> 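One structure, as structure tokens, below. Some questions next.
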Amino acid sequence: LFSPHLPGGIQPSRNEVVKALGAGTKAASGGDIPVPYGWDDFDTNSEVFYERMRQRFADDRIPEGCAVFPFPKPGGLRTMTWLDPYDEVHLRVLVGRCSASIESARDPGSVFNCQLAQCGPGWTMKYFGAANQERKSAAKHHLDDWNVEGLGVFDVRSYYPSITMEPMRAVMFDVGAPAGAVQVLTRIIDRLPSVGGSGGIPIGPESSALLGNVFLTPLDDALRPHGPFVRWTDDIWVFPRSDDAWDDIKGIVERTLDRLGLQLNDKVKFLRKGIDDPWHEIEHIAMDYAIDPSEGRIPPDVSYEMLLSST
């Protein structure tokens, strides 16, 4: 599994595990889904956790296991994943080794989610609510340009489950992530279906958000010469200056996604000024999260027992 001859390809150090546990504990306290294991307990007993992790490496129990379950989202259900806690911390460490490269690749004027507040093994992300407001403000600014004809909306079909590791490795290498960390990380994700997971990158672990965000960096590079755009993971807004420009941009998006093994879903649309209401689309965009922070972490019609029984 490991690639000790490559940068970042060694086993996690004690310091990395301790910092990843601390950051993971903080993230779990405000995450989308309830966590069936005790991050606080692991964080308090980090030395025991680290020694058990080392034993798993010695026994080649990587990954150990995971469970998938349905979880509400606007308009339906998504398949979420609970990782074994040792595997999740291991992923956090590996993503932490890549985090500086991932953040450097993010276009701060166009890509607004997964803004890292801190890189390294204890990496943390800025609060998504503030980032979403930045996204809306940027989009409104572009749309207010008199030369802009309207708002183009793109969304990728079954995004996380469609991501495969060969193009993921290529993208991560291109942004300068340590080769060893990328190799180990993608090998682990490739093994998840053999221990109860689904295909693609798992939906749920915070590490997946950074991976899902950086994977579309080639699309950012392809769109940049063709005018402003705003991206939130796989939700993409563009601001064409004509119908012809919209057709050109749509073709660029389709070809770039095809090279990454992805497809657009049926939510693609062009909202024209004076005919449609593109400002309404921006202002009332549905955050694709099951949890409204003002209502607590679990929707009122979803019980802990229901989630556990669905695994």
Side-chain angles (χ1 to χ4, degrees), residues 23 26-27 29-32 73-74 95-96 98-120 122-156 159-160 171 175 203 206-241 249 253 256 267-271 273 276-295 297:
K26 179 179 178 182
S29 67
D32 286 354
K73 71 170 186 177
V95 168
C98 303
S99 58
S101 299
I102 291 173
E103 178 62 16
S104 294
R106 185 183 64 83
D107 182 344
S110 302
V111 181
F112 292 92
N113 64 321
C114 298
Q115 300 180 32
L116 285 172
Q118 178 179 330
C119 294
W123 59 269
T124 57
M125 288 193 286
K126 296 179 181 177
Y127 175 56
F128 76 86
N132 187 42
Q133 288 303 315
E134 292 177 15
R135 167 174 70 151
K136 290 182 177 182
S137 296
K140 291 175 182 177
H141 172 75
H142 296 318
L143 197 57
D144 285 342
D145 184 339
W146 285 100
N147 294 310
V148 168
E149 184 75 16
L151 173 71
V153 179
F154 297 103
D155 189 29
V156 177
Y159 181 48
Y160 278 21
V171 170
V175 304
I203 302 174
E206 193 179 28
S207 299
S208 294
L210 288 181
L211 298 176
N213 205 41
V214 75
F215 189 62
L216 288 182
T217 301
L219 180 59
D220 302 338
D221 296 338
L223 286 174
R224 196 170 292 112
H226 300 275
F229 67 95
V230 169
R231 182 166 70 81
W232 186 278
T233 309
D234 63 317
D235 294 326
I236 305 124
W237 292 334
V238 296
F239 306 88
R241 298 193 171 199
I249 292 172
V253 172
T256 305
K267 296 180 182 179
V268 176
K269 55 188 172 183
F270 185 30
L271 303 174
K273 293 179 179 178
D276 308 298
D277 188 356
W279 287 274
H280 183 274
E281 176 78 13
I282 292 170
E283 188 58 41
H284 297 281
I285 181 71
M287 293 297 291
D288 201 8
Y289 295 90
I291 307 303
D292 178 349
S294 67
E295 299 294 334
R297 295 177 59 210

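Just so we're clear, the structure is a prediction, and the values are computed from it rather than from any experiment. Heavy-atom basis, side chains included; hydrogens, waters and symmetry copies ignored.
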> A side-chain contact here means heavy atoms from C-beta on lying under 4.5 Å apart; do I249 and L223 qualify?
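Yes; the side chains approach each other to less than 4.5 Å.
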
> Taking the side chain from Y159 and the backbone from D235, do they hold a donor-acceptor pair closer than 3.5 Å?
no

> Please determine whether side-chain contact (heavy atoms from CB on, under 4.5 Å) holds for the pair L210 and C114, giving the CA-CA distance in whole Å, both sets of side-chain angles, and the decisive distance to 0.1 Å.
CA-CA 6 Å; L210 288 181; C114 298; 3.7 Å; yes

> Quick one: does V148's side chain get under 4.5 Å of H142's, heavy atoms only?
no

> For a quick test of reading the model, state the closest non-hydrogen atom pair linking T124 to A23 and the distance between them.
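Taking T124 first and A23 second, the nearest heavy atoms are CG2-CB, 4.1 Å.
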
> Do you know the tightest heavy-atom contact between T256 and A222?
OG1-CB, 3.6 Å

> Go through the side-chain N and O atoms of E103 and Q115 and say whether any donor and acceptor fall under 3.5 Å apart.
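E103 vs Q115: no donor-acceptor pair found between side chains.
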
> Hey, what do you get for CG (L116) to CG (N213), rounding to the nearest 0.5 Å?
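Answer rounded to 0.5 Å: 9.0 Å.
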
> Any luck finding a side-chain donor-acceptor pair between D144 and W279 under 3.5 Å?
yes

> Main chain of S101, side chain of S104: is a donor-acceptor contact present, judged purely on distance under 3.5 Å?
no

> Return each pair, listed once, that meets salt bridge (Lys or Arg N to Asp or Glu O under 4.0 Å) where at least one residue sits in residues 207-223; pairs must be two or more places apart or across chains.
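Listed by first then second residue: D220-R231, D221-R224.
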
> Any non-hydrogen side-chain atom of W123 less than 4.5 Å from a side-chain atom of V95?
yes

> Can the positive tip of R135 be found less than 6.0 Å from the middle of the six-membered ring of W237, inside 45° of the ring normal?
yes

> So, do F128 and F112 sit near enough that their side-chain heavy atoms are less than 4.5 Å apart?
no

> Check for a donor-acceptor pair, side chain of S99 on one end and backbone N or O of G120 on the other, with a separation under 3.5 Å.
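At least one qualifying donor-acceptor pair exists.
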
> Can you confirm whether D145 sits close enough to R241 that some side-chain heavy atom of one is under 4.5 Å from a side-chain heavy atom of the other?
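In short, these two side chains touch, coming nearer than 4.5 Å.
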
> Tell me whether D276 is salt-bridged to K269, with the criterion being a basic N under 4.0 Å from an acidic carboxylate O.
no

> Please answer whether the main-chain N or O of V214 pairs with a side-chain N or O of T217 as donor and acceptor at a distance below 3.5 Å.
yes

> Could you check whether any side-chain heavy atom of D155 comes within less than 4.5 Å of a side-chain heavy atom of V268, counting everything from C-beta outward?
no

> With K273, which residues qualify under salt bridge (Lys or Arg N to Asp or Glu O under 4.0 Å), at least two apart?
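For K273 there are no salt bridge (Lys or Arg N to Asp or Glu O under 4.0 Å) partners, ignoring immediate neighbours.
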
> Looking at CD of E283 and NZ of K140, how far apart are the two atoms once the value is rounded to the nearest 0.5 Å?
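It comes to 3.5 Å.
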
> For a quick test of reading the model, state the closest non-hydrogen atom pair linking P278 to L143 and the distance between them.
CB-CD2, 3.6 Å

> Evaluate F270 against L151 for side-chain contact (heavy atoms from CB on, under 4.5 Å), listing each step before the verdict.
CA-CA 6 Å; F270 185 30; L151 173 71; 5.7 Å; no

> Is any side-chain heavy atom of F154 closer than 4.5 Å to a side-chain heavy atom of K267?
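No, their side chains stay 4.5 Å or more apart.
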
> Do V153 and I236 come close enough that some side-chain heavy atom pair is under 4.5 Å?
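The answer is no, as the side chains (C-beta and beyond) never meet within the 4.5 Å cut-off.
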
> Where do F239 and V230 land on the side-chain contact (heavy atoms from CB on, under 4.5 Å) test, with the steps shown first?
CA-CA 9 Å; F239 306 88; V230 169; 4.0 Å; yes

